[in-house]
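Below you'll find the structure, written out as structure tokens, and then a few comments.
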Amino acid sequence: MPHLAVNDLRAKYGALEVLKGVSFSMEKGQVVALVGPSGSGKSTVLRTLVGLTPVSGGSVTIHGDEIRYSNAASVRRARDQMAIVFQQYNLFQNMRIIDNVTVAPTKIKKRPKAEARADAERLLAMVGLADKLNAFPDQLSGGQQQRVAIARALALHPEILLLDEVTSALDPELVNEVLDTIRRLATEGMTMILVSHEMAFVREVADKVIFMDSGAVVEEGLPEQLFDAPKTDRAREFFGKILRH
Amino acid sequence: MERILEQIPRFFTTDNMALLLQSAGLTLAMTLTGCLIGFGLAFVLVYLRQMPGLWALPLRVVCITYVEVFRRIPFIVVIYLVLFFIQTVASDASLFTIAVISICIYAIAYTADIIRGGLESVPVTQTEAARAMNFGRLRTLVTVTLPQAWPVILPPAIAFAVSFIKDTALVSQIGVFELTFRGKELNNQGYSGILVFGTIAMCYFLMSFPLSMLGQYLEKRLATPRGERSARKIRRA
């Protein structure tokens, strides 16, 4: 049984169908990369998974358990198992770094304060920010904020970590510090779905690459397969354009 | 002019001043009680107004209608409405209660829009991050949105309360012994109108000026809660 199975997932923004039946599956410990042109629906896949964009059809199962997005309790369970990191970090601006990381574990998951704090300190040390516990988000650089966001997501101990273009908003010189963190998670066996434009990085860490265009999966396969010998014309055109330089 | 000068020693007696002070206190008490309760209830109204789902539609309609209607009615009309309504259901209600209820009703309508604007000034991505971590609506509001909205909400809310100190003069129309009512009384006793209302104008100023200053102080403090924040905000803008 796959860890996560997405079958014919559909989503609409008003009349515009942004996901026209997306299907893929992944095993525990895998890193799956969603790639494709802007507006192809990659980020929408992640947003629908955590119930931020309404699903209009299809099914999502985790460990064979179907998530019913029309049911609040079912959505809560899905959010219990998946944590998302956003392109713009979305750290709570009114809270110190340590509070950003501990607020959900203590208030939502009801874990003891001391335990949550120790966990948060460990995670923040892991992303190299042990000295910023008491800073506010806007006192940090983009790369630092994004690493905090990753620590905040990890503090929820998700089954699956969703990374939505987490380096796209960063200055080029800050990209690597975030990628290093993700690389490390990949080697530790974290199950991840990442939406990314960093093709070299995707090739390095992904076990499977899914190429999407206009709301549908065009082709999927191993990174080498997709990047070096794409089967479809659309994928050939896309990778031809972006991998040339 | 001579008449005024001649009246001054007679007017500024301890008795008269005590009366004025008492009325000023009443004005202040009415305004603060009404505005504070109204401000609190406005939060409830905004929360109800943002309830999602079809079943909450009637609730949303009621909330929106309330705000739109009461913002378009003169305060004096609200006072009379409350007066006659209360007198039919509870004839022994004090005029003070009626005044406070009127202020409350009016304050809810005005501050609800201030609160809504403040909450909407917080980027929706903050709410999304909270939702994705299973925060409920109330918890998101209390721990994430509201703390970020205070700097936007408080200055106009305080300005509203301060300006309302003078608008409460209208409740003198139903006979509440507030400042303006007292003024009319003293004037009727034969004191010069210029003298009486000049003093009363001074009283209103002395009440609202410190509150305005407090508002400005809070505004400044809220805008710079921590180190670099304000500087960055300006740079970003």
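In what follows, chains are A, B, ... by sequence order, proteins preceding strands, each numbered from 1.
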Return yes when atom [atom1] of [X] has more than 12 non-hydrogen atoms of other residues, nucleotides or ligands closer than 6.0 Å, and no otherwise.
X: A:Tyr13; atom1: OH; result: yes
X: B:Met51; atom1: CE; result: yes
X: A:Glu188; atom1: CD; result: yes
X: A:Arg68; atom1: CZ; result: no

So how far is it from [X] [atom1] to [Y] [atom2], rounded to the nearest 0.5 Å?
X: B:Met133; Y: A:Asn90; atom1: CE; atom2: CG; answer: 10.0 Å
X: B:Gln126; Y: A:Asn94; atom1: CD; atom2: CG; answer: 7.0 Å
X: B:Asn134; Y: A:Lys107; atom1: CG; atom2: NZ; answer: 15.0 Å
X: A:Ile84; Y: B:Arg131; atom1: CD1; atom2: CZ; answer: 11.5 Å

Grab the two heavy atoms, one from B:Ala132 and one from A:Phe86, that are nearest each other, plus how far apart they are. CB-CZ, 4.3 Å

Heavy-atom side-chain contact between B:Val144 and A:Met95 under 4.5 Å: yes

Tell me, side chain or backbone of [X] under 4.5 Å from chain B's heavy atoms, or both, or neither?
X: A:Leu156; result: side chain
X: A:Ala104; result: both
X: A:Leu91; result: backbone

Going through the distances and angles, do B:Phe135 and A:Val103 end up as a side-chain contact (heavy atoms from CB on, under 4.5 Å)? CA-CA 10 Å; B:Phe135 281 52; A:Val103 63; 3.8 Å; yes

